[in-house]
Amino acid sequence: MQGGATVEGRIFTRRFLSLAAMEFLERFAVSGIKSLLVLMLADRLLVGDLSRIVGATVLRQASSAMFGPVSTTGLASQLYGYANALIYLAVPIGGLIGDMIASRRAMVAIGGLGMLGGLTMMLSEPTFLIGLIPFAVGAGLLKGNLSAQVGLLFHDEAQRRRGYTAYLGFLNAGAICGPLTCGALAAFAGPDYAIGAAAAAIALGLVLYAVTGRDTVEADAPTMPAGTPLGGAQATALLVVALAAVYLVYSAYDQLGNIFLIWARERTDRQILGWTMPVAWFIALDGVFTLALIGGSGLISRLSARRGIRIGSLMQIFLGGLLCAAGYLVLALGDAVSDGAPLGLPWALVYLLFVDGAIVLIWPSALSLIVGAAPRRLVGLWMGLFYLHGFVSSLWAGFSGVYYDRLASPHFWLLHAAVAGSGALLIFVAGPPLTRRMRQANSTCAWANASA
């Protein structure tokens, strides 16, 4: 077995665990901060005289110039969207830099140090907004280069899928622990303690990565699976359609970390035996549900395979879009029938179940489709374009959040159901004919090569 190859059938090697641990701690920090960001902005930082916060007055003026008078909630939503979008815009850029300088480890270190610098600035109220920039850019640089290294560890498609599924589990474990820890610290000790916990997680991750991850980039380049399509116009068109569908579904899903938290604080009864659940814990439940659904999805896939039933990547993306739309229909229906009364927790939990099921279907399916359909020399580029879903969806979450105060609540959630449903419709209408054309082109090419 060559340098970086994993033992056949084995996923949890030292190299994989080094990357997965760093991803867990990065998600801990990012999810912890995201679960509190819109609330900190709306409740503390954007209240009163904005001149005390560097950049706040300029941002409010720019927002008002584009959208007219904007409420504090609307401005907080926009800033949340900008920060999250910056993370995902930095992912493909960081990955490209890692490709060019052939040092992904250095990019992970630079990204982590940028996050630490940003978190330090966020401990001071005047520099809080400025600190969001290095925090977001650093997170993007770190994430893009971690994900690329995971792919280098595996040499066949089946093993790579299992690896990415396990990696998604570590990611969501961080998304659970971060909001739980940071939410509790913010509630009982103050937001500065939550920011400090996020900084401690990144510092620990960098130390562990430096000690255990030195050889992760020495893996041989993964071999493409047999029968990989040769690319061409049909494959490009299919990938564009698939990514457009992914962007639409994620645009709806991303409101979970933004306006949904505002809505849940105002509209849900979070009393459990006399104790009020922190609203940030909905983000932790998002991770819990995702982990549980990952296990359930794997079980269903194995049972289906034994019966000769195979659900392809396009169908899974389509089903994911339908599930995401159903989640927002649940919120719209709850608001419509409640007549202003607080909704019970089951409404929010059913919403989480639907939208998390959508992500469990879409995330690995889209990555698998890219590996199978993209030209060999451009797989990295298409992976980066996939991660841009976070950029697009974060911008949408911020911009659409402005209208939460301007639309009736059921109409706001119906808008997001329509966005997710549009992604499902797009893949349903355009996906199958493009797949057939791509297969025909590949068959013709293979026949020509065999005849030569």
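Counting from 1, the numbers follow the sequence of the chain as shown. Hydrogens, waters and symmetry mates are skipped; everything else that's a heavy atom, side chains included, is used.
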For this session: Determine the interplanar angle of the Phe282 and Phe260 rings, folded into 0 to 90°, and report it as parallel if under 30°, tilted if 30 to 60°, perpendicular if over 60°.
Result: perpendicular

Exercise. Got a second to check how far Leu36's CG is from Ile195's CD1, nearest 0.5 Å?
Worked result: 8.5 Å

Exercise. Under 6.0 Å from the CZ atom of Phe399, do we count more than 12 heavy atoms belonging to anything else shown?
Worked result: yes

Exercise. Once the angle between the rings of Phe386 and His389 is folded into 0 to 90°, is it parallel (under 30°), tilted (30 to 60°) or perpendicular (over 60°)?
Worked result: perpendicular

Exercise. Does the side chain of Ile283 come within less than 4.5 Å of Lys34's, by heavy atoms?
Worked result: no

Problem set entry | Trp263 side chain reached by Tyr404 side chain, heavy atoms, under 4.5 Å | yes

Problem set entry | Leu352 and Val288, any side-chain heavy atoms less than 4.5 Å apart | no

Exercise. Where is the tightest heavy-atom contact between Ala264 and Val279, given as atom of each residue plus distance?
Worked result: CB-CG2, 4.0 Å

Exercise. Hey, are the side chains of Arg265 and Asp43 touching, using non-hydrogen atoms and a 4.5 Å cut-off?
Worked result: yes

For this session: Go through the steps to decide whether Arg267 and Leu331 satisfy the test side chain to side chain contact (heavy atoms under 4.5 Å, CB included), and finish with yes or no.
Result: CA-CA 10 Å; Arg267 299 285 294 114; Leu331 296 186; over 6 Å; no

For this session: Describe, in one word, how the ring planes of Phe170 and Phe16 are oriented to each other, choosing from parallel (under 30°), tilted (30 to 60°) and perpendicular (over 60°).
Result: perpendicular

Exercise. With a cut-off of 6.0 Å (strictly less than), are more than 12 heavy atoms of other residues, nucleotides or ligands near OH of Tyr82?
Worked result: yes

For this session: State the CD-CD1 distance between Glu26 and Ile202, to the nearest 0.5 angstrom.
Result: 6.0 Å

For this session: Please name the pair of heavy atoms, one in Phe28 and one in Cys182, separated by the smallest distance, quoted to 0.1 Å.
Result: CE2-SG, 4.4 Å

Exercise. Is there side-chain contact between Leu168 and Asn172, with at least one heavy-atom pair below 4.5 Å?
Worked result: yes

Exercise. In terms of side-chain heavy atoms, does Tyr80 have a donor or acceptor partner in Asp254 at a distance below 3.5 Å?
Worked result: no

Problem set entry | Heavy-atom side-chain proximity of Leu132 to Leu79 below 4.5 angstrom | no

Exercise. So do Leu314 and Phe428 actually touch side chain to side chain, heavy atoms under 4.5 Å?
Worked result: no

For this session: Please answer whether the main-chain N or O of Arg15 pairs with a side-chain N or O of Ser18 as donor and acceptor at a distance below 3.5 Å.
Result: no

Problem set entry | Minimum heavy-atom distance between Asp335 and Pro410, given as atom pair plus value | CB-CG, 3.7 Å

Problem set entry | Main-chain N/O of Gly390 paired with Ser393 side-chain donor or acceptor, under 3.5 Å | yes

Exercise. Is there side-chain contact between Asn84 and Leu37, with heavy atoms separated by less than 4.5 Å?
Worked result: no

Seminar exercise, completed: When rounded to the nearest 0.5 Å, the distance separating SG of Cys324 from CD1 of Ile362 is 7.0 Å

For this session: Quick one: closest heavy-atom pair of Leu353 and Leu293, and the distance?
Result: O-CD1, 3.8 Å

For this session: Would you sort out whether Ile359 and Phe289 count as a side chain to side chain contact (heavy atoms under 4.5 Å, CB included), showing the intermediate values?
Result: CA-CA 11 Å; Ile359 298 310; Phe289 282 10; over 6 Å; no

For this session: Working to the nearest 0.5 Å, report the span between CD1 of Ile317 and CG of Leu248.
Result: 12.0 Å

Problem set entry | Any donor-acceptor pair under 3.5 Å from Asn258 side chain to Ala397 backbone | yes

Problem set entry | Shortest non-hydrogen separation from Ile53 to Leu45 and the atoms involved | CG1-O, 3.6 Å

Seminar exercise, completed: Separation between CZ (Phe135) and CE (Met122), nearest 0.5 Å, reads 6.0 Å

Exercise. Taking Ser64 for the side chain and Arg60 for the main chain, is one N or O donor matched with an acceptor at less than 3.5 Å?
Worked result: yes

For this session: Give a yes or no on whether the backbone of Trp275 and the side-chain of Arg270 come within a donor-acceptor separation of less than 3.5 Å.
Result: no

Exercise. Would you say Arg27's side chain and Cys177's backbone share a donor-acceptor pair under 3.5 angstrom?
Worked result: no

Exercise. Are Leu129 and Leu41 close enough, and set up right, to give a side chain to side chain contact (heavy atoms under 4.5 Å, CB included), and what steps lead you there?
Worked result: CA-CA 9 Å; Leu129 295 182; Leu41 290 170; 3.8 Å; yes

For this session: Without swapping roles, check the side chain of Thr127 against the backbone of Met121 for a donor-acceptor pair under 3.5 Å.
Result: yes

Problem set entry | Spacing of Ile87 atom CD1 and Phe391 atom CZ [to the nearest 0.5 Å] | 12.5 Å

Seminar exercise, completed: Residues Ser35 and Leu261: closest non-hydrogen pair is O-CD1, 3.7 Å

For this session: Verify the ring-centre separation between Trp413 and Trp347: is it less than 6.0 angstrom?
Result: no

For this session: Assert yes or no for the condition that the ring centre distance of His416 to Trp396 is strictly below 6.0 Å.
Result: yes

Problem set entry | Leu343 vs Asp269, side chain to side chain contact (heavy atoms under 4.5 Å, CB included): CA-CA, chis, key distance, verdict | CA-CA 6 Å; Leu343 291 170; Asp269 180 1; over 6 Å; no

Problem set entry | Ser251 (side chain) donor-acceptor with Tyr247 (main chain) under 3.5 angstrom | yes

